[in-house]
2 protein chains.
Amino acid sequence: MTDPIRQTVLKKLTNGDFNCEKEFTLSMFSGKYKLVILWELGHVSEMHFNELYRLIDHVTKKVLANQLRELVSDQLIKRTAYERNNQKLVIYQMTEIGESLLPIIDQMYEWGKQRLNAYQIPAAFKLDVAGDISKDA
Amino acid sequence: MTDPIRQTVLKKLTNGDFNCEKEFTLSMFSGKYKLVILWELGHVSEMHFNELYRLIDHVTKKVLANQLRELVSDQLIKRTAYERNNQKLVIYQMTEIGESLLPIIDQMYEWGKQRLNAYQIPAAFKLDVAGDISKDA
DNA sequence: CGGTATCCCCGAAGATACTG
DNA sequence: CAGTATCTTCGGGGATACCG
């Protein structure tokens with residue numbers, strides 16, 4: 001797997017499934033948990049599989065593994081395996097390319113926050129969000 | 001239908017299906033043709049249904065109607081029906097809220113362009129893109 | 001710890017035909 | 001012109017169990 005861009009994406013490109021480069025960008029983070037993963041990895045230097053697994057509500061290992069695999073093959077994050085005390089460990093961390101995406105994600109966060117505030121979203125949601133990395137209480 | 005936010009989105013909000021406000025933002029344009037629609041409407045003052053239909057490759061009327069309906073109910077675009085010479089006409093145009101999303105879409109366009117250039121995407125795609133509203137030839 | 005392997009489901013999108 | 005109405009397909013994601 002030396003492909004610079006994920007196979008499916010390439011296929012879509014050649015098929016003309018993307019109308020434009022913005023759809024290409026969209027495809028980078030359109031998986032259900034990709035934004036959270038990028039967000040979290042954008043705030044710490046590294047993370048283990050199970051850390052992410054525990055952090056992200058309701059995700060299954062299979063799906064998480066999948067999202068991570070795609071993010072890796074899109075070169076937004078990188079995976080490093082090593083060993084300590086006969087224990088196999090793996091860390092995930094952002095690449096530069098992944099980091100270059102963070103400003104966009106930040107803007108998405110801000111836009112959503114503005115918009116949700118404007119409509120007084122039910123407390124149920126606000127509680128849920130409190131678990132996320134938001135500075136304001 | 002006086003709902004400020006689309007039902008499905010609202011349901012997801014109350015269910016806690018969104019981990020964060022960035023996922024909410026994502027849901028605004030994650031339909032297959034929403035980015036193009038917003039992009040096009042962002043560059044002209046208004047557009048008819050069939051103009052969009054002809055402009056967007058491979059979309060079916062059903063799907064286009066669906067995407068438009070959701071964009072309307074998310075208040076990103078607005079729909080106006082009127083009559084001329086016994087002909088029913090409809091125009092779609094951006095709302096202020098929709099326009100506030102354009103900077104993000106622009107950034108997505110730029111990011112994708114950078115990234116695709118870095119990998120010399122096949123000419124087939126570049127031709128496809130040429131049909132889009134891009135200033136550079 | 002860091003994943004696979006199966007089986008299943010559901011909803012978005014496609015194909016095609018029709019309408020006021 | 002601006003859509004509906006059906007029927008079908010497809011694949012991302014969920015549930016659960018197992019593995020080195």
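Protein chains get the first letters and strands the later ones, always in sequence-line order, with residue 1 at the start of each.
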dist A:Glu46:CD -> A:Gln93:CD (nearest 0.5 Å) comes out at 5.5 Å
B:Leu55 atom CG is separated from D:dC1 atom P, nearest whole Å, by 14 Å
B/S/- along nucleotides 3-8 of chain C (protein heavy atoms under 4.0 Å) is BSBB--
Taken to the nearest whole Å, CD1/A:Ile56 to P/C:dG2 is 14 Å
Which pairs of donor and acceptor atoms, one on a side chain in residues 94-103 of chain B, lie under 3.5 Å apart (sequence neighbours left out)?
from     : atom 1 : to       : atom 2 : distance (Å)
B:Thr95  : OG1    : B:Gln75  : O      : 2.6
B:Thr95  : OG1    : B:Leu76  : O      : 3.0
B:Thr95  : OG1    : B:Ile97  : N      : 3.4
B:Thr95  : OG1    : B:Gly98  : N      : 3.0
B:Ser100 : OG     : A:Trp111 : NE1    : 2.9
B:Ser100 : OG     : B:Ile97  : O      : 2.5

From CG of B:Asp57 across to C1' of C:dG14 the rounded distance in Å is 15 Å
Rounded to whole Å, the NE2-C1' distance (B:His58 to C:dA12) equals 18 Å
Please state whether the phosphate of C:dA13, meaning OP1 or OP2, lies under 4.0 angstrom from any side-chain nitrogen or oxygen of B:Gln67. yes
Rounded to whole Å, the CD1-P distance (A:Ile37 to D:dG13) equals 10 Å
Sorted by chain and number, sequence neighbours left out, side-chain contact (heavy atoms from CB on, under 4.5 Å) with B:Asp106 holds for B:Trp39
Residues at least two apart in sequence or cross-chain that pass side-chain contact (heavy atoms from CB on, under 4.5 Å) with A:Gln67, listed by chain then number, are A:Tyr33, A:Lys34, A:Ile37, A:Val63
Could you pull out every donor-acceptor pair under 3.5 Å between side chains of residues 78-91 of chain B and any protein atom, sequence neighbours left out?
none

From CG of B:Leu52 across to C1' of D:dG3 the rounded distance in Å is 13 Å
request  = Run the numbers on A:Met47 and A:Leu55 for side chain to side chain contact (heavy atoms under 4.5 Å, CB included), then give the verdict.
outcome  = CA-CA 10 Å; A:Met47 238 173 207; A:Leu55 198 64; 3.9 Å; yes
Heavy atoms only, 4.0 Å cut-off, all strands: where does A:Glu51 land among base, sugar-phosphate and nothing?
nothing
Of D:dG14, D:dA2, C:dC1, the nucleotide closest to the side chain of B:His48 is D:dA2
### B:Tyr82 vs D:dC1: side-chain N/O to OP1/OP2 distance below 4.0 Å
no
When the rotation axes relating C1' atoms of four end pairs to the next four are compared across the helix from C:dC1-D:dG20 to C:dG20-D:dC1, five pairs an end, they differ to 10° by 60°
Check: Short question: side chain of B:Asp74, backbone of B:Met28 - any donor-acceptor pair under 3.5 Å?
Finding: no
Students often get this wrong, so: under 4.0 angstrom with heavy atoms, is A:Glu83 touching a base, only sugar-phosphate, or nothing? nothing
Here the distance between atom C1' of C:dA12 and atom OH of B:Tyr33, to the nearest Å, is 11 Å
* Asked: NA contact type, A:Arg84, heavy-atom cut-off 4.0 Å: base, sugar-phosphate, or nothing?
  -> nothing
| message | Side chains of B:Glu23 and A:Val36, heavy atoms from C-beta outward: is any pair under 4.5 Å? | response | yes
Separation of D:dG12 atom C1' from A:Asn66 atom CG, nearest Å, is 9 Å
Quick note, B:Val63 side chain, CB onward, closest among C:dC1, C:dA13, D:dG14 is C:dA13
- Message: Taking the side chain as everything from C-beta on, heavy atoms only, tell me whether B:His48 gets closer than 4.5 Å to B:Tyr92.
- Response: no
